[in-house]
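Right, one structure below, let's go through it.
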Amino acid sequence: MKFASSYEPNQYESDIYAAWETSGVFDPTIPTVPVDDDASGHDDREELREAESEFRGAFATTGANDEASPVTTGASEEATRSSDSASSTFSIVMPPPNANGNLHIGHGLTIALEDSLTRYYRLKGKSAWFIPGADHAGFETWVVYERELEKHGHTRFEFSRDELYSRVWNFVAEQRGNMELQLRALGASCTWDDLTFTLDENVIDHVYTTFEKMWNDGLIYRDKKLVNFCPKHQTAFADIEVDHLDEPGTLWDIAYDDIIVSTTRPETLFGDTAVAVNPNDDRYKDLIGKTVHLPLTDREIPIITDEHADPEYGSGAVKITPAHDFDDFEVGNRHNLERIQVISEDGKMINVPEKYEGLTTAECRKQVLKDLKDQGLLKGEKKITHSVAHCYKCGTTIEPMLKNQWFVDVKSLAKTAIEHLKNDEIKFHPASKKNIIINYLENLKDWNISRQIPWGIAIPMFRNATAEATDEPEWIFDRRTNLKEIEKSGVKYIRDEDTFDTWFSSSHWPIICTNWTEENFNPYYPLNVMETGADILFAWVARMIMMGLYVTGEVPFREVYLHGLVLDEHGKKMSKSKGNVINPMDLVTKYGSDAFRLGILRGRSAGLNQAFSEQSVISGRNLCNKLWNISRLIQGIVDDDKGTESRGAFATTGANDEASPVTTGASEEATRGSVLLSCQTDNMGEDWICREINACLDQLETSMKNYRFSEAVETLYSTIWDKYADWFLESQKLYKNVGLLKKTLETLLIALHPFAPFVTETIWQNLSWTSGLIIAEKWPSRLEFDPISAENFESIRTIVSEVRGTLASLPGANKDKKFNLLYDKDSLVEDNLLLIRTLTKVPAINALSGAPRGLRLALANHELYLDVDEKTVNAYKDALTEKILAVGRELDSLNARMMNPNYVDKAPRNLVKETEDAIKEKSALIDRLKQQLSLI
RNA sequence: GGGUGAUUAGCUCAGUUGGCUAGAGCGUCUCGUUUACACCGAGAAGGUCGGGGGUUCAAAUCCCUCAUCACCCACCA
C-alpha cells in the first residue's frame with residue numbers, strides 16, 4: 001500500500017469507523033450486567049446467581065492475568081497504586097445529547113474528552129465501557145414541538161396528554177439518527193448496543209422503583225407551595241431553571257390609610273393580606289396590631305411585625321401577598337395569613353373586583369396605578385434596578401404561583417451526599433468544585449419534581465376519585481401509568497397528569513446505564529469518571545450523587561471532570577444572535593475528526609470557559625499530516641530494506657536483568673516489576689529517541705491520570721514533531737535502523753491513538769508490517785537505551801544548533817556562502833562527522849591544524865570554529881559583542897546568587913552545585929569569546 | 001450581600017508541594033523548492049508574569065491589598 005503525499009481524512013474516516021464498529025472492539029471485554037428483556041425475569045434467582053458468578057469469575061481471571069501481562073507494566077508504581085488501576089474495568093457514560101438536535105461544539109469537546117479517556121484505558125488493557133445515550137430532553141424538546149404545533153395552527157390544548165406524548169414520540173423518532181451519525185463522525189468508541197434513550201422502559205423502571213422507595217420512606221410529599229411558573233409554557237420549574245436578570249423597574253409608594261407601603265407590583269395588592277413593619281422600627285410602633293383599609297377594595301388587613309421588613313428600604317412598610325411572592329409566602333406562613341390567588345396560570349387577574357377581572361397583569365397594573373392616583377393614594381415613585389426571574393427558555397417573566405406539586409424532601413439526601421463528599425470519595429477536576437457543590441447542598445431547598453408538560457415520564461401517582469369520605473388514602477403509588485385510571489380494592493383512582501422533571505430521571509444515569517441492580521455485583525459501578533459541563537454541576541452532578549447514594553449506597557462515580565464553555569476565538573459566548581457559532585461537523589468535514597479533537601483539547605483546562613478557534617484545528621490537522629508523512633518515510637525505508645534481514649528482532653527482557661550489558665535509563669520507579677523492550681541501538685540518536693519516547697510515555701501517563709488533556713496532547717506533539725521527526729528521523733536518513741524505526745513508530749502511533757484515533761488507525765492499516773487494529777493494541781512498553789549515549793546526543797544537538805544559529809546570523813548569510821567547520825581534539829565531533837555535516841549542511845568538517853582561525857562557536861565544552869574569512873569575522877564583530885554581553889548578564893546574575901551567603905547556606909546543595917558549575921562554564925565561554933573578539 | 005475563576009509574548013493558553021536563562025501553538029520577520037511532509041525545513045524577534053505591599057536565600061507560584069473581566073449563589077417590597 002502506497003502512502004499518498006498528504007493525509008486526506010475524508011477518504012478513510014468512515015471506513016475506519018465501520019471497521020471498528022463491526023469488529024466488536026467497542027464492547028467491554030468483561031461481560032456487562034445482563035439486561036432483563038422481560039420484566040418477569042426479575043424473579044429468576046438461579047439465573048442471577050449464575051450471572052454473578054460468571055461476572056466475578058471473569059473479573060478475577062482478568063485480574064490475575066494482569067500481573068503478568070505487559071499491558072499495565074509500563075505504568076509507574078504510583079500509577080499502579082492509584083484507584084483507577086486497581087480494577088480491570090473502565091466505565092464512563094455519555095451525557096446524553098438531545099435526541100432531537102444536532103451536536104454543538106460543547107458535545108464535540110465532551111466526546112473528545114470522554115473518548116480519549118476510553119481509548120486510553122482500553123489500550124491500557126482495561127475492559128472499557130463507554131455508554132452512549134440520547135436525551136428526550138423533556139422541556140427542550142417540548143418547546144421545539146410546541147413551536148411546530150403553532151406553525152400548523154394548533155395548540156397543545158386541542159389534544160389529550162396521551163395524544164401529545166405519542167405525537168412527540170413520533171416527532172423525535174423522525175429526528176433521531178442524525179445525532180448518532182455525528183457521534184460516529186467524532187470517533188466516539190462507545191458501545192452502541194447499550195445506547196440508552198431517556199424514555200426507555202428500563203429508565204422508567206428505575207425511576208419508578210426509586211420513586212416508590214422515596215414514597216415509602218416519606219421523602220415524597222405533595223404540597224401547595226409557591227413555585228416558579230412560566231405563563232407561556234404553562235409549567236412549573238425548579239429554582240435552577242430560572243434566570244435572574246437585573247432590570248429597571250419602578251418602586252411605587254402607596255398609601256394604605258396612615259401607612260405608606262412600597263411595591264414594584266401594585267397589581268398584586270388585591271392579594272394582600274397584611275402589611276408588615278420591622279419590630280424594631282419605632283415609626284410604626286403605634287400602628288402595630290391595627291388594621292388598614294386595602295385600597296380599591298373593601299377589605300381591612302392587619303399591620304404585623306416581621307423581620308422581613310427592612311426599615312431602610314422604601315417606607316419601611318411592606319405589603320404582604322403570600323400567594324404571589326416567595327418572601328411573602330414565608331411571612332404568611334409565619335403569621336398564618338390567608339393566601340389569595342389573584343393571578344391565574346394564564347397570567348390574567350382573578351378574584352379581583354369586577355373592573356379588573358380578566359385583565360393581564362400588565363393591563364391591571366396600569367389601571368390600578370391610574371385609580372390610585374385618581375384617589376390620591378399614589379404618594380410617589382422611584383426608578384430602581386431589581387432582579388427579575390425569567391423562564392430560561394422563552395424569557396417570559398416567571399410568575400410565582402401557588403400550585404399543588406410533588407416535592408422531594410432533600411434534607412437527608414443532601415446530608416448523606418455531603419458526608420461522602422467530605423470523606424473525599426469523589427475527586428473533582430477542577431478541585432475547587434468540591435466545596436462549591438458542598439455549599440450548594442448545604443443550602444438546598446426541597447425539589448419540585450412536577451412538570452405540567454406531557455413530554456416526559458409520567459408521575460406514577462393516582463388520586464382517589466371518590467369523595468374524601470372513604471378511609472382510603474388520597475394518593476397511591478402505581479406503575480400502570482399507561483392507564484388514565486385504575487381500580488384498587490374497588491376504589492377508582494385517577495392518574496396525576498404531571499410528568500417528572502427530567503433531572504429526576506437524569507440523576508439515575510450512572511445507575512441506569514450500568515444496569516445496576518441490588519442483586520448483582522457490578523464492576524462498572526461506580527463509574528470511573530463522570531465527564532460533563534461545569535454549568536450543570538448543581539442540576540445534574542449534585543443530584544446524581546444524592547440519587548446514587550440513596551439508591552445504591554455508593555457514590556455513582558469516583559472522579560468528576562468538568563469542562564467549561566467553548567467560547568469563540570475572541571473569548572465571547574457563542575450564540576445564534578451573535579452569529580459566532582462554530583459547528584463542529586463543519587470542522588470535521590474540513591480538517592478531519594482527529595484535527596478537531598486535537599484542536600479542541602489543546603489549550604483547554606478543567607472548569608474554565610476558554611476560547612476556541614479554527615487555528616487550533618489547523619494545527620491538529622498539520623500534526624496528522626506530519627505523522628502521515630513520518631510513516632510514509634519509514635515505510636519507504638522499510639520497503640528499501642526488504643531482503644536484507646536487519647536487526648529486526650526484539651527481545652523482551654525483565655528490567656532487573658542484571659546480565660544485560662546495557663543499563664536502562666528509565667527511572668527505577670518506572671521500571672520496577674516492568675518489562676523493557678530491548679532493541680539494538682547503534683548510535684546516540686537512537687539511544688536518545690528511546691529515552692525521549694520513554695519520557696513522553698511517563699509524561700502522558702501522568703497527564704492522563706490527572707486529566708490534563710492539553711498537556712498530554714502537547715507532549716505528544718513535541719515528541720513527534722520536534723524530537724522524532726526533526727532530529728531522530730533526520731539522523732536516521734544516515735543510519736536506517738529498520739527495527740527501531742518500526743518499533744518507535746508503533747509506539748508513537750499507539751500513544752497518540754486516544755486523541756487522534758482515525759489517522760493512527762489509517763496508518764496502522766497502511767503499514768506493511770502491522771496487523772490487527774490499533775484500537776485493540778496494547779499500551780507500549782518502555783524502550784531500553786544507553787543513557788550516556790543518549791546524553792551525548794544532546795551535545796550533538798547543542799553543537800548543531802549553535803552552528804545553524806551562527807551561520808544564520810552571519811552578515812549576508814545565504815546559500816552562496818558556505819563555510820567549513822573546524823574542530824580541535826574533540827572525539828565526540830570526530831566520531832560523528834557525517835551526522836553533524838548532514839544536520840548543519842556545512843560542506844566539510846576538518847580537524848584544526850595549527851593556530852585557531854575563523855569564528856569560535858559559543859560552546860563551552862567544545863572547541864569548534866567556523867572557517868570564515870577575515871572580512872566575515874570582522875563583520876560579525878557586533879553580533880559577537882552582543883553575545884558576550886548576553887553571557888555576561890547571565891554570569892552576573894549567577895555570581896550575585898553565589899555572593900549571597902544565605903543562598904549558599906540555605907539553598908539545597910545540588911542547586912548550589914549547579915550554580916557553581918554554570919558559573920564555571922559561562923566564565924570559560926566568555927573568556928574564549930573575549931579572546932576571539934580581541935583577535936578581530 | 002456571599003462566593004468562585006481569570007489577569008503571563010500581538011492572539012489563545014501552559015507553567016501541580018516556591019528553585020537553572022518563564023514555555024507552546026498560531027501570528028510576525030529573515031533564509032531555504034535538500035526525492036517524508038510548503039499542512040515543510042532552519043533561524044530570529046517578542047514578556048519588568050494586572051498594580052502595590054509582605055514572607056523567603058529565592059516568588060508567575062505563598063500571604064495581604066487594590067483594579068479589571070467573567071461566572072455562580074442569595075436577594076432587592
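In the text below, chain A, chain B and the rest are named by the order of the sequence lines, each starting its count at 1.
Closest contact between the side chain of A/P908 and the listed nucleotides B/G19, B/C37, B/U21 involves B/G19. The side chain of A/S432 has B/U4 as its nearest neighbour among B/C20, B/U12, B/U4. The side chain of A/E8 lies closest to B/C39, out of B/C39, B/C26, B/C72. Among the nucleotides B/C57, B/A36, B/C75, the one closest to any side-chain atom of A/Y903 is B/C57.
Side-chain N/O atoms of A/K733 and base N/O atoms of B/A36 include a donor-acceptor pair closer than 3.5 Å. A donor and an acceptor atom never sit less than 3.5 Å apart when one is taken from the side chain of A/Q610 and the other from the base of B/A14. Evaluation of atom-type donor-acceptor distances gives a pair under 3.5 Å for the side chain of A/R621 against the base of B/C39.
Across the protein-nucleic acid pair, A/I634 atom CD1 and B/A36 atom P stand 12 Å apart, rounded to whole Å. The distance from atom CZ of A/F326 to atom P of B/C73 is 15 Å, rounded to the nearest whole Å.
Here the separation of B/U16 from B/U7, taken at their P atoms, is 12 Å to the nearest Å.
Checking the phosphate oxygens (OP1, OP2) of B/G41, a side-chain nitrogen or oxygen of A/K626 falls inside 4.0 Å.
The pairing partner recorded for B/A42 is B/U30, the criterion being a Watson-Crick or G-U wobble arrangement whose two distances lie under 3.5 angstrom. Using the Watson-Crick or G-U wobble rule with both distances under 3.5 Å, B/G1 pairs with B/C73.
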